[in-house]
**Student:** 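Just passing along the structure, written as structure tokens.
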Amino acid sequence: MAISRPHSRLLLLLHAIFALTTQAAARGGHDRSGTDDRNLGSFYRNLLQDKPRITEEMVRGYMSNHELENAIHAFGSRCPNISRIYSIGKSVNNFPLWVIEISDKAGQKEAEPAFKFIGNVHGDEPVGREVLMLLANWLCDNYLKDPLATLIVENVHLHILPTMNPDGFALRWRGNANNIDLNRDFPDQFFSINNDINYRQPETKAIMNWVNQERFTASASLHGGALVANYPWDGTRDKSKQYYGCPDDKTFQYMASVYSQSHHNMSLSKEFEGGITNGAFWYPIYGGMQDWNYIHGGCFELTLEISDNKWPKAAELPVIWEHNRMSMLNLVASLVKSGIHGRIFAADTGQPIPGSVMIKGVDSKVNASMTFGDYHRIIAPGEKYEVIASMEGFRPKATRTVLLEGESVNLDFILDPNGPDGKMKLLRNHCGCRCGDDKLFHMQGPNLGLYLLVSFVLLILYLLFKRKSASRLLTYRYSPRRPIAV
Ligand SMILES: *[C@@H]1O[C@H](CO)[C@@H](O)[C@H](O)[C@H]1NC(C)=O
Ligand SMILES: *[C@@H]1O[C@H](CO)[C@@H](O)[C@H](O)[C@H]1NC(C)=O
Ligand SMILES: *[C@@H]1O[C@H](CO)[C@@H](O)[C@H](O)[C@H]1NC(C)=O
Ligand SMILES: [Zn+2]
């Protein structure tokens, strides 16, 4: 169940030594010039001269849009206990954007992280849509047989959108039916190019609404044309091509490495050290989906280039799937096996509250859910962190330093409401510690026990009054002091 295999680590190390002596050229994928529109100028969402050049021969063996639609519904009927099929909108040509949700409680809210995979963002990169169907079917076939499949089905809500761009696929070109590159169509943090909602493509709108509705912890979109795991930022303020890390750079490097090192040979790349790259370092783009997800959705998104050849022969698909299988599974499972998870409660009512969680020194926040107050903070292991929970109307609380090692940490917070004069009220005297003064939330020790006990009693009292919400509250998994069993 180790996320990275020891031998690939060793090979990675050997490669790093090799790279030192040979001065690796990291200028990007070999076929980037000319064919890839990152070079058509970052500001043009319209694709010029993008002539279809996909032959009938190449298309043979790939599912058509209608075949894919049938496969999605067939999956839904074959694995109804662990899935739900829904649509997030329609393409320009009215094709539904079908999503498969995989979970033992699909369609229900749970105190669990959610992950999304998006395939076929670019119409002429069809590998993702095929591989995602293989992933869904593999999970269905191996649930309760394979520990990783079981872990994912039981502890994650996995949403799979096999094609974000069915029209582009049918037209056999990169953009959508309006010939707009969907991975340049999102609002950008530096430039206002895409801010006019009237020009936004329906596929882009569908993704944005989806991200605003679901609370995704992390995600990945699948592309072709290179072999690398790409992470934010994708663009730079001055448009220069240089390494430009986001506040969670280390965490993104960790996530990208989980993918590349679990892959057949991504981590052995000669172009990208360790098989991962910062987007702007490779080549800057603007209006990309990845950066928007991180900024506006609090969703840690990777852009995965999973085959050197954008449109390989269909006969190669099973091998590509095999090469990516452990990467995909380990990336999704890393949401459960690592990071800091927990719930935030109000001390006075015992109710969960949708506060947010910050890591000291990292300028980003992860929000807890409205229903359960659960949060899921992916973070690179092997370091010490101070976690701060906050919520408007409550006093923020920080942990002592938490050492995050090879597994996830469970950390619940009970926040004290501000009194009318801005001071803490109620539980202060019961607390037994001077937690109001140093704002420390002691993870261990008798104080926490007492504190939790008092809150628990309040919680029970609350539940007796509100039986309606009791059933919801009892379904959560990350109960205090019960670390996730992996
Ligand atoms: C779905 O769950 C029900 C009840 O647990 C069970 O009887 C049924 O066999 C399951 N179906 C499948 C396809 O797993
Ligand atoms: C990875 O393996 C594939 C298939 O075996 C091969 O075509 C490709 O060149 C390899 N890439 C690297 C970076 O080793
Ligand atoms: C998190 O919550 C804050 C405060 O309610 C809100 O301003 C912010 O937009 C939320 N972030 C995300 C990613 O939803
Ligand atoms: Zn692409």
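Just follow the structure's listing: the first ligand is 1, and inside any ligand the first atom is 1.
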**Student:** List ligand 3 atoms under 4.0 Å from Gly297, heavy atoms only on the residue side.
**Tutor:**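 Here the atoms of ligand 3 in question are 13 (C).
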**Student:** Please confirm whether Lys270 approaches ligand 2 to less than 4.0 Å, judged on its heavy atoms.
**Tutor:**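 Lys270: no contact with ligand 2 (<4.0 Å).
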**Student:** Identify the closest protein heavy atom to atom 11 (N) of ligand 2: which residue and atom is it, and at what distance?
**Tutor:**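 So the nearest neighbour among protein heavy atoms is Asn265 ND2, 3.0 Å.
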**Student:** Could you check whether atom 7 (O) of ligand 2 has a protein contact, counting only heavy atoms that fall below 4.0 angstrom?
**Tutor:**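 Flag for atom 7 (O) of ligand 2 set to false, no protein heavy atom closer than 4.0 Å.
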**Student:** Taking 4.0 angstrom as the limit and counting only heavy atoms of Gly298, give me the atoms of ligand 3 inside it, by number and element.
**Tutor:**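 In order of numbering, the contacting atoms are 13 (C).
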**Student:** Do Arg129 and Asn65 have a side chain donor and acceptor closer than 3.5 Å?
**Tutor:**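 Indeed, the side chains of Arg129 and Asn65 share at least one donor-acceptor pair under 3.5 Å.
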**Student:** Report yes if the distance between the aromatic ring centroids of Trp233 and Phe252 is under 6.0 Å, otherwise no.
**Tutor:**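 That pair fails the under 6.0 Å test.
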**Student:** Should Ser219 and Glu301 be marked as a side-chain hydrogen bond (donor to acceptor under 3.5 Å, both in side chains) after you check the CA-CA gap, both sets of side-chain angles, and the distance that decides it?
**Tutor:** CA-CA 5 Å; Ser219 59; Glu301 179 157 295; 2.5 Å; yes
**Student:** Regarding Arg343 and the six-membered ring of Phe345, is the cationic atom NZ or CZ under 6.0 Å from the ring centre and inside 45° of its axis?
**Tutor:**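 Negative - Arg343 is either too far from the ring of Phe345 or too far off its axis.
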**Student:** Give me the nearest non-hydrogen protein atom to atom 5 (O) of ligand 3 as residue plus atom name, then the distance to 0.1 Å.
**Tutor:**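 Of the protein heavy atoms, Asn367 ND2, 4.9 Å lies nearest.
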**Student:** Looking at atom 9 (O) of ligand 2, what's its closest protein heavy atom, distance included?
**Tutor:**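 Result: Asp308 OD2, 4.6 Å.
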**Student:** So if I count the atoms of ligand 2 from 1 in the order they appear, which ones are less than 4.0 Å from some heavy atom of His264?
**Tutor:**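 Numbered from 1, ligand 2 contributes 2 (O), 5 (O).
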**Student:** Only to 10 degrees, please: what angle do the OE2 atom of Glu125 and the ND1 atom of His122 make about the Zn ion (ligand 4)?
**Tutor:**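 Between ND1 of His122 and OE2 of Glu125, at the Zn ion (ligand 4), the angle is about 90°.
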**Student:** Between Asn165 and His122, do the side chains contain an N or O donor and an N or O acceptor separated by less than 3.5 Å?
**Tutor:**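 Per modelled atom types, Asn165 and His122 side chains form no pair under 3.5 Å.
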**Student:** So which protein heavy atom does atom 4 (C) of ligand 2 come closest to, and at what separation?
**Tutor:**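 Nearest protein contact, heavy atoms only, for atom 4 (C) of ligand 2 is His323 CE1, 4.1 Å.
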**Student:** In His223, what N, O or S atom is nearest to the Zn ion (ligand 4), if we give its atom name?
**Tutor:**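 Minimum-distance N/O/S atom of His223 relative to the Zn ion (ligand 4) is ND1.
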**Student:** Ignoring hydrogens, tell whether any protein atom lies closer than 4.0 Å to atom 1 (C) of ligand 3; use the non-hydrogen atoms only.
**Tutor:**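 Given the 4.0 Å limit, the answer for atom 1 (C) of ligand 3 is yes, a protein heavy atom qualifies.
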**Student:** Aromatic ring centroids of His159 and Phe216 under 6.0 Å?
**Tutor:**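 Yes, ring centres under 6.0 Å apart.
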**Student:** Is the charged tip of Lys241 near the ring of Phe281: under 6.0 Å from the six-membered ring centre and within 45° of its axis?
**Tutor:**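 Output yes; distance and angle both within limits.
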**Student:** Has Glu305 got an N, O or S atom lying less than 2.8 Å from the Zn ion (ligand 4)?
**Tutor:**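 No, Glu305 does not qualify, because none of its backbone or side-chain N, O or S atoms lies under 2.8 Å.
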**Student:** For ligand 3, is any non-hydrogen atom under 4.0 Å from His296's backbone (N, CA, C, O), its side chain (CB onward), both, or neither?
**Tutor:**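 Just the backbone.
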**Student:** Does atom CG of Asp196 have more than 12 heavy-atom neighbours from other groups under 6.0 Å away?
**Tutor:**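 For Asp196, atom CG is crowded (more than 12 foreign heavy atoms under 6.0 Å).
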**Student:** Does the Asn194 side chain pair with the main chain of Pro187, one donor and one acceptor, at a distance under 3.5 Å?
**Tutor:**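 Not confirmed, Asn194 side chain does not pair with Pro187 backbone.
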